[in-house]
2 protein chains.
Amino acid sequence: MYSYEYPHPAVTVDCVVFGLDDGGLKVLLIQRDLEPFALSWALPGGSIKLDEDLGQSARRELAEETGVTDLYLEQLATFGKPGRDPRERVITVAYFAIVNLLEHKVSPDTGARSAAWFPVDDSPPLAFDHRLILDLALMRLQSKLRNQPLGFEFLPEKFTLTQVQRLYETILCEGLDKRNFRKKILTTGLLVPLDEVEIDVAHRAAQLYRFDKEAYVRLQAQGYAFEI
Amino acid sequence: MYSYEYPHPAVTVDCVVFGLDDGGLKVLLIQRDLEPFALSWALPGGSIKLDEDLGQSARRELAEETGVTDLYLEQLATFGKPGRDPRERVITVAYFAIVNLLEHKVSPDTGARSAAWFPVDDSPPLAFDHRLILDLALMRLQSKLRNQPLGFEFLPEKFTLTQVQRLYETILCEGLDKRNFRKKILTTGLLVPLDEVEIDVAHRAAQLYRFDKEAYVRLQAQGYAFEI
DNA sequence: CCAAAAGTGTTAGAGATACACCCATGG
DNA sequence: CCATGGGTGTATCTCTAACACTTTTGG
């Protein structure tokens with residue numbers, strides 16, 4: 001008989017979705033309508049289905065609960081401390097996601113539960129061990145930003161260098177020198193200038209760039225390591 | 001009623017345990033005695049218990065199957081593709097471990113199943129998706145080695161600079177300049193020279209060092225980032 | 001005295017940092 | 001013409017990379 005004699009825990013996915021707007025770095029939370037932690041805010045997520053891969057479950061739950069569909073997603077870590085859910089043993093596979101708030105203007109209230117963006121440094125108490133998960137995701141975001149060209153996931157396809165710099169400054173919580181930053185980011189060769197400039201601004205219009213993902217993949221295969 | 005209506009998958013842990021000896025980088029595998037994949041080699045691991053944290057499960061399984069107890073352990077990633085186990089849906093939380101082969105001379109045959117160390121670049125076909133897990137672990141090892149002082153986990157408490165250099169060369173698969181390597185590793189301030197030298201060698205005895213973990217933790221808290 | 005590995009400094013080049021002003025545009 | 005942000009170059013310094021010989025020890 002080919003089967004596991006051991007008791008099976010519940011398995012869920014939870015997503016830490018980051019976005020960036022003028023107010024800074026935001027995280028997407030949903031308000032729970034059921035016990036335990038009814039009315040508390042929590043990371044979007046839910047039970048996996050048995051015929052779905054883990055990443056698919058994460059995308060499905062996000063779409064159902066928040067309407068967010070187009071995003072960068074990667075696995076963060078798995079949390080399974082006994083007692084983290086008062087009902088039963090629940091293992092949760094946490095995902096880390098980035099969504100482009102500027103372009104898609106995601107309205108998170110399309111789902112069944114109420115969802116909202118909170119500043120990461122001023123978010124409400126969270127259900128379960130979700131604070132722990134959020135903190136880990138934030139550390140991961142800061143660390144990955146430095147050695148992977150991940151930041152562009154926050155931006156629209158066409159962006160200015162100032163937008164990129166502000167992004168880094170906001171997430172890393174540190175000021176950066178404009179000239180040095182531009183030199184560094186341009187010498188990677190990963191940004192290609194477009195034949196377009198910003199529009200509708202009350203000052204000199206900035207050059208627009210796009211991120212050349214193909215070039216990055218190519219360089220990466222040759223051992224290139226992005227660093228900012 | 002506070003419970004999950006969703007079907008529960010099986011949850012296991014699997015460990016990629018690395019060790020280093022004169023023959024290079026090794027990985028610890030066990031030979032399966034049951035179907036599926038009977039007689040195939042596989043990563044040590046097994047079902048979690050409902051009252052155990054995930055890391056504890058990993059340590060318990062390792063001790064039971066291979067006798068290995070004293071090791072560095074961290075979570076790697078979770079694999080849950082439907083069909084990865086032909087019996088039923090199984091989510092496995094993979095762990096990444098390093099054991100000091102030189103000092104402990106682990107005899108992996110103490111467990112119930114036969115266990116053995118294989119060169120990572122010459123290991124047998126593996127059961128399930130364990131090849132995928134091993135490959136990820138190897139990439140993680142190489143990448144972490146560069147920006148965390150993780151390599152010392154492979155070595156005895158007292159070691160020579162040449163041992164450290166050989167370790168880096170073996171795992172990163174690249175030659176390193178002796179003088180530059182020594183300069184770099186010593187200027188971190190994380191290695192403290194002991195009042196001892198190597199013994200029983202047929203040539204000039206080398207200075208012994210130990211890794212100052214406390215210093216690392218202290219520096220890390222101040223924003224220091226190890227890099228080699 | 002020979003074999004084997006330990007140990008040690010300098011120079012040139014690349015990359016990082018610090019720093020301030022003029023330009024273009026819209027209102 | 002003014003306010004706003006866009007855009008640019010140089011000098012210094014620090015870190016990295018390349019490189020070869022002498023010393024110690026045991027056999």
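Bear in mind that the values here come from a model prediction, so they are computed numbers and not experimental data. All chains are named by letter (A, B, ...) in the order of the sequence lines, taking the proteins before the strands, and each is independently numbered beginning at 1.
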- Query: More 5' along DNA chain C: A:His203 or A:Asn180, using each one's nearest nucleotide?
  - Reply: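 Its nearest nucleotide being more 5', the pick is A:Asn180.
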- 5' priority, DNA chain C, between A:Arg204 and B:Arg204 [closest heavy atom]: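 Looking at DNA chain C, the more 5' nearest nucleotide goes with B:Arg204.
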Whole angstroms only, please: what is the [atom1]-[atom2] distance between [X] and [N]?
X: B:Ile199; N: C:dA6; atom1: CD1; atom2: P; result: 15 Å
X: B:Glu227; N: D:dT14; atom1: CD; atom2: P; result: 19 Å
X: B:Gln165; N: C:dG7; atom1: CD; atom2: P; result: 12 Å
X: B:Glu198; N: D:dT24; atom1: CD; atom2: C1'; result: 12 Å
X: B:Leu176; N: D:dA17; atom1: CG; atom2: C1'; result: 12 Å
X: A:Asp177; N: D:dG9; atom1: CG; atom2: P; result: 15 Å
X: B:Phe181; N: C:dG7; atom1: CZ; atom2: C1'; result: 15 Å
X: A:Leu186; N: D:dG6; atom1: CG; atom2: P; result: 14 Å

- Could you go step by step and tell me if A:Gln207 and A:Tyr209 meet the side-chain hydrogen bond (donor to acceptor under 3.5 Å, both in side chains) rule? CA-CA 7 Å; A:Gln207 173 68 242; A:Tyr209 293 82; 5.5 Å; no
- Task: For A:Ala202 and for A:Lys178, find the nucleotide of DNA chain D with the closest heavy atom, then tell me which residue's nucleotide is more 5'.
- Result: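 Comparing both residues, the 5'-ward one is A:Ala202.
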- Find which nucleotide of DNA chain D each of A:Gln163 and A:Arg179 is nearest to by heavy atoms, and output the residue with the more 5' nucleotide.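 This one resolves to A:Gln163.
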- Sub-3.5 Å donor-acceptor pair from the side chain of A:Asp212 to the main-chain atoms of A:Leu190, do we have one?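 Not confirmed, A:Asp212 side chain does not pair with A:Leu190 backbone.
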- Message: Please find the pair of heavy atoms, one from A:Phe79 and one from A:Arg84, that lie closest to each other, and give the distance.
- Response: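 Closest pair (atom of A:Phe79, atom of A:Arg84, distance): O-CD, 3.8 Å.
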- Message: Using a 4.0 Å heavy-atom cut-off, does B:Gln207 contact any base of the nucleic acid, only the sugar-phosphate backbone, or nothing at all?
- Response: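 If one applies the 4.0 Å heavy-atom cut-off, B:Gln207 turns out to touch the sugar-phosphate alone, with no base involved.
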- Query: Quick one: does B:Leu25's side chain get under 4.5 Å of B:Leu138's, heavy atoms only?
  - Reply: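 Sidechains of B:Leu138 and B:Leu25: in contact.
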- Task: Could you tell me whether B:Arg146 and A:Glu227 have a side-chain N and a carboxylate O separated by less than 4.0 Å?
- Result: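 Looking at A:Glu227 together with B:Arg146, the answer is no, because their closest N to O distance does not fall below 4.0 Å.
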- Task: Select one nucleotide: of D:dG7, C:dA6, C:dG9, the one nearest the side-chain heavy atoms of B:Lys183.
- Result: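 The closest nucleotide is C:dG9.
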- Within less than 4.0 Å of OP1 or OP2 of D:dG6, is there a side-chain N or O belonging to A:Thr162?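 A:Thr162 to D:dG6 OP1/OP2: side-chain N or O found under 4.0 Å.
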